[in-house]
Amino acid sequence: MEQRRYKDIVAFKWGQSAPLAFHARNLEVAEISEETWSTMQVPENANEALAELSAWEQDSSPDVKSGKLEPGIRSLTINVTQICNLKCTYCAAGGDGTYGAAQTKINVEKTLPQLKFFLERLPDNSNFKITFLGGEPLLYPEGIQEIGNYVRLMAAGRNIHPRFSIVTNGTLINEKTLNVLKSIQANITISVDGPASINDQSRPTKTGASSTEMVIDGLNQISAVRDSLGLITLHGVFNADNLNLIKAYDFYCQFDVDKYEFTYSVSDNDDASNNEFVSQMNLIAKTAFAKGGERELRKIGIFDQYFHALDSQQQTENHCGAGKSFLMVDAKNNLYTCPWEVGNKNEQVGHGDNLDLESLNEYQAPLIEKNNCQSCWARYLCGGGCMFIHKQSTGSKHKKDGQFCFRTRSLISTALLYYKISRESC
């Protein structure tokens, strides 16, 4: 693939195919002529093609939607436990799901007033999202049920729309836990890194039993009650020790789920594995598109995200809503801006319903600005990148990790190609 750029327009050429151009601000995709492509290489040779390119670059589409996040917490992730029944080799939560501070279960009596504090500050007719995390959250299904019941009760009188999600290792799906998840119509993300030959190595149980067999049994139980649940996602984490994305994709395709997520480990920083991750993601995209076109490609979460942004011309100014629309509640009711910062006292922004507003102020500017991404052509599809990954690599939340930027721009380029093909066939 060859790439050229003219101000806020970047163009790509794959082999003998016609060049494709992307307008970074307007989130518009268009095929361009070979003449325009040539002009982008030597822009000082002014001609009609350059004039048209310049006019498009200066255009501000009235259909573009700002990605600015309005202040106000509308999403909470809650560690209902900080213990786990697995010991994943790449665990970034202290190596054992505890974040270095084991907590069997959250104190619900302290959590409900905390939830009330945030719910009361929401305007009527708002959305409110809660994600249950751990450790392994299904070790405490009773806490999930109590929190879910309380939030729905509080929301009912004010036309607030609660949505519940859970991230689980999938080994504790049984009649009891399924009833809890059905009662709140939870979206379920199951962490599994591929077939047993891979997953049992990266996500071992403490007893030596196959965690993959338990996950497959859980997926079969979920399948039987799909109509009572939200979206089902399979999520794998990959690093230098496991780059079998293709095998993971083939494994995922066996199951009746809505989405697949492929994540490069937040703690890895290796050029070779980073490049291989991108290469395999491109192979998966090619395989998925050949198998089922746009529909199959969009089962891969990152491509669905980019397609949605392009269709809606919705800019993204923040990779996530940390400190703006989102906060993290650990199992001791401490508040953080990021799930990965749990236990880091320097990143704590409150406890219970006491918020450190001064600390939150530093998060209010768009990440595109904070991370100096204003000149990047991918900025409005990326939103400045993950602050935690940046800090892991560079030591600063607002100094970009080059590997993250490479991964993101590469996958956006792939998405643009398939978006063009898909829209041409409509």
Side-chain angles (χ1 to χ4, degrees), residues 1-69 278 281-282 285 289 294 297-298 300 302-319 366-385 400 404-426:
M1 179 190 71
E2 187 178 353
Q3 179 180 319
R4 295 177 184 174
R5 183 170 179 180
Y6 175 77
K7 298 182 180 180
D8 246 351
I9 294 176
V10 62
F12 308 90
K13 200 171 191 304
W14 289 266
Q16 299 303 310
S17 62
L20 163 71
F22 171 63
H23 193 303
R25 295 190 317 278
N26 291 348
L27 303 183
E28 294 170 334
V29 179
E31 188 175 296
I32 58 174
S33 68
E34 291 289 347
E35 182 183 11
T36 303
W37 171 256
S38 299
T39 297
M40 295 180 78
Q41 189 174 28
V42 191
E44 60 268 21
N45 294 342
N47 56 23
E48 185 177 341
L50 179 62
E52 292 178 357
L53 190 67
S54 178
W56 184 32
E57 195 279 332
Q58 294 177 48
D59 178 57
S60 295
S61 171
D63 297 321
V64 172
K65 301 169 186 65
S66 169
K68 182 179 180 181
L69 283 177
V278 170
M281 282 295 292
N282 284 332
F289 198 79
E294 178 183 343
L297 180 67
R298 291 183 70 165
I300 302 168
I302 192 67
F303 294 119
D304 181 60
Q305 174 186 323
Y306 294 147
F307 268 59
H308 176 73
L310 293 168
D311 277 340
S312 62
Q313 291 181 266
Q314 175 64 65
Q315 294 179 345
T316 298
E317 294 187 19
N318 299 279
H319 185 74
L367 284 178
I368 285 177
E369 296 177 12
K370 296 277 284 186
N371 298 348
N372 296 312
C373 300
Q374 297 94 326
S375 63
C376 178
W377 64 263
R379 61 192 182 278
Y380 286 126
L381 288 175
C382 168
K400 298 182 290 292
F404 179 93
C405 295
F406 170 77
R407 275 198 313 277
T408 301
R409 285 194 289 258
S410 297
L411 296 180
I412 289 174
S413 300
T414 300
L416 293 173
L417 170 63
Y418 288 110
Y419 184 81
K420 170 182 173 282
I421 297 171
S422 299
R423 293 300 167 266
E424 284 178 345
S425 62
C426 289

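- Between the side chain of K68 and the backbone N or O of P366, no donor-acceptor pair lies under 3.5 Å.
- The distance from atom OG1 of T414 to atom CZ of F289, rounded to the nearest 0.5 Å, is 12.5 Å.
- For the atom pair H23 NE2 and L53 CG, the distance stands at 9.0 Å (nearest 0.5 Å).
- With contacts defined as side-chain heavy-atom distances shorter than 4.5 Å, the pair E294/F303 does not qualify.
- Residues L417 and M1 have side chains not in contact (no heavy-atom distance under 4.5 Å, counting atoms from C-beta outward).
- S33 approaches P19 most closely through the heavy-atom pair O-CG, 4.2 Å.
- Between the side chain of Q313 and the backbone N or O of E28 there is no donor-acceptor pair closer than 3.5 Å.
- By the 4.5 Å heavy-atom criterion applied to side chains, R298 and H308 are counted as neighbours.
- Side-chain atoms of I412 and W377, non-hydrogen and from C-beta on, do get closer than 4.5 Å to each other.
- With salt bridges taken as basic N to acidic carboxylate O contacts below 4.0 Å, none links E31 and R423.
- Residues R25 and V64 fail the side-chain proximity criterion, which asks for heavy atoms closer than 4.5 Å.
- Residue F307 comes nearest to A415 through the heavy atom pair CE1-O, 3.7 Å, listed as atom of the first residue, atom of the second, then distance.
- If you take CG on L416 and CG on L411, they are separated by 11.0 Å, rounding to the nearest 0.5 Å.
- Without hydrogens or angle criteria, E2 side chain to F12 main chain gives no donor-acceptor distance under 3.5 Å.
- The side-chain heavy atoms of T39 and Y6, taken from C-beta on, include no pair separated by under 4.5 Å.
- Once rounded to the nearest 0.5 Å, the distance linking CD of E369 with CG of N318 reads 9.0 Å.
- By the 4.5 Å heavy-atom criterion applied to side chains, L27 and Y380 are counted as neighbours.
- When atom types are taken as modelled, the side chain of K13 and the backbone of G15 share a donor-acceptor pair closer than 3.5 angstrom.
- Atom CG of N371 and atom SG of C376 lie 11.0 Å apart (nearest 0.5 Å).
- Looking at heavy atoms from C-beta onward, Y419 lies out of side-chain contact with Y306 at the 4.5 angstrom threshold.
- Summarising the geometry of T408 relative to C382, their closest heavy-atom pair is CG2-CB, 3.8 Å, with the distance given to 0.1 Å.
- Here the closest non-hydrogen pair linking S410 and V278 is CB-CG1, 3.5 Å.
- Here the closest heavy-atom approach between residue G384 and residue C373 is recorded as CA-SG, 3.8 Å.
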Assess whether side chain to side chain contact (heavy atoms under 4.5 Å, CB included) is satisfied between N372 and K400, documenting all intermediate values. CA-CA 8 Å; N372 296 312; K400 298 182 290 292; 4.2 Å; yes
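- Using a cutoff of 4.0 Å between basic side-chain nitrogens and carboxylate oxygens, E317 and R379 are not scored as salt-bridged.
- Separation of atoms OG1 (T316) and NZ (K65) is listed at 12.0 Å; rounding is to 0.5 Å.
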Check the pair Q58 / S54 against side chain to side chain donor-acceptor pair (under 3.5 Å), numbers first and verdict last. CA-CA 6 Å; Q58 294 177 48; S54 178; 2.9 Å; yes
Run W56 and T36 through side chain to side chain contact (heavy atoms under 4.5 Å, CB included) and show every step you take. CA-CA 12 Å; W56 184 32; T36 303; over 6 Å; no
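- The minimum heavy-atom distance linking R409 with A378 is given by the pair CG-CB, 3.8 Å.
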